[in-house]
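Because the structure is predicted, anything quoted here is derived from the model rather than measured. Naming: A, B, ... by sequence-line order, numbering from 1 per chain.
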Amino acid sequence: MKFFDQVKLHTKKIPRGRVASYGQIAAMISTPRAARMVGWCLHTMDGLSDVPWHRVINSKGYITTNCETHTSSVQKQLLEQEGVKFIKKDGLWWTDMKRYQWRSRESEV
DNA sequence: GAGCTGACAATAG
DNA sequence: GCTATTGCCAGCT
């Protein structure tokens with residue numbers, strides 16, 4: 001099992017209408033500081049995979065994507081379709097992590 | 001084959 | 001409490 005594969009698996013486990021942080025995913029893979037890899041992993045998916053990459057944001061609840069294929073607007077829209085409310089904060093889309101952050105049993109361990 | 005890059009997070013000062 | 005630096009590991013050049 002490679003790092004990327006684990007990121008995909010955990011990302012796919014995120015339920016609809018819920019979001020997770022990069023660090024959270026990284027922590028599930030037993031590598032809390034590999035949050036950068038999580039984000040980059042999702043970038044390589046490029047939407048071609050069946051992985052809900054839009055459900056992964058940074059720990060502050062901000063969308064920090066500016067790629068052509070992953071603009072903040074796109075990610076925000078995908079999440080809003082799932083019931084996640086977004087607010088424009090400091091020029092970036094922000095969501096309340098306290099309400100929408102996914103709490104899996106594995107992440108609690 | 002080696003070095004650089006990359007959607008962040010945590011620790012130290 | 002806030003700012004700056006280090007760490008993470010696989011893909012890309």
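Qualifying side chain to side chain contact (heavy atoms under 4.5 Å, CB included) partners for A/Ser21, counting only residues two or more places apart in sequence or in other chains: A/Gln24, A/Ser59, A/Met97, A/Gln101. In this structure A/Arg18 satisfies the side chain to side chain contact (heavy atoms under 4.5 Å, CB included) test together with A/Ile14, A/Pro15, A/Trp102, sequence neighbours excluded. Applying the side chain to side chain contact (heavy atoms under 4.5 Å, CB included) rule to A/Thr71 yields the partners A/Ser73, A/Val74; only residues at least two apart in sequence or on another chain are considered. Take A/Lys12 and apply the side chain to side chain contact (heavy atoms under 4.5 Å, CB included) test, not counting sequence neighbours, and it matches A/Asp50, A/Val51, A/Pro52.
Taking 4.0 angstrom as the limit, A/Thr64 places a side-chain polar atom (N or O) nearer than this to OP1 or OP2 of B/dC8. Residue A/Thr44 has no polar side-chain atom (N or O) positioned under 4.0 Å from OP1 or OP2 of C/dG11.
Relative orientation of the A/Tyr62 and A/Trp94 rings is tilted, given thresholds of 30° and 60° on the angle between their planes.
Atom CG of A/Asn58 and atom P of B/dG6 are 18 Å apart (whole Å). Taking atom CD1 on A/Ile29 and atom P on B/dA10, their separation rounds to 14 Å, with Å as the unit. Summarising the geometry, the separation between NZ on A/Lys60 and P on B/dA9 is reported as 7 Å, rounded to the nearest angstrom.
A salt bridge (Lys or Arg N to Asp or Glu O under 4.0 Å) check over residues 60-82 of chain A, counting only residues at least two apart or in different chains, returns the pairs A/Arg55-A/Glu82, A/Lys76-A/Glu80.
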Give me the distances for all protein-to-nucleotides 3-10 of chain C N/O pairs that come in under 3.5 Å?
from: C/dG7; atom 1: O6; to: A/Arg36; atom 2: NH1; distance (Å): 3.1
from: C/dG7; atom 1: N2; to: A/Arg33; atom 2: O; distance (Å): 2.9
from: C/dC8; atom 1: O2; to: A/Arg33; atom 2: O; distance (Å): 3.0

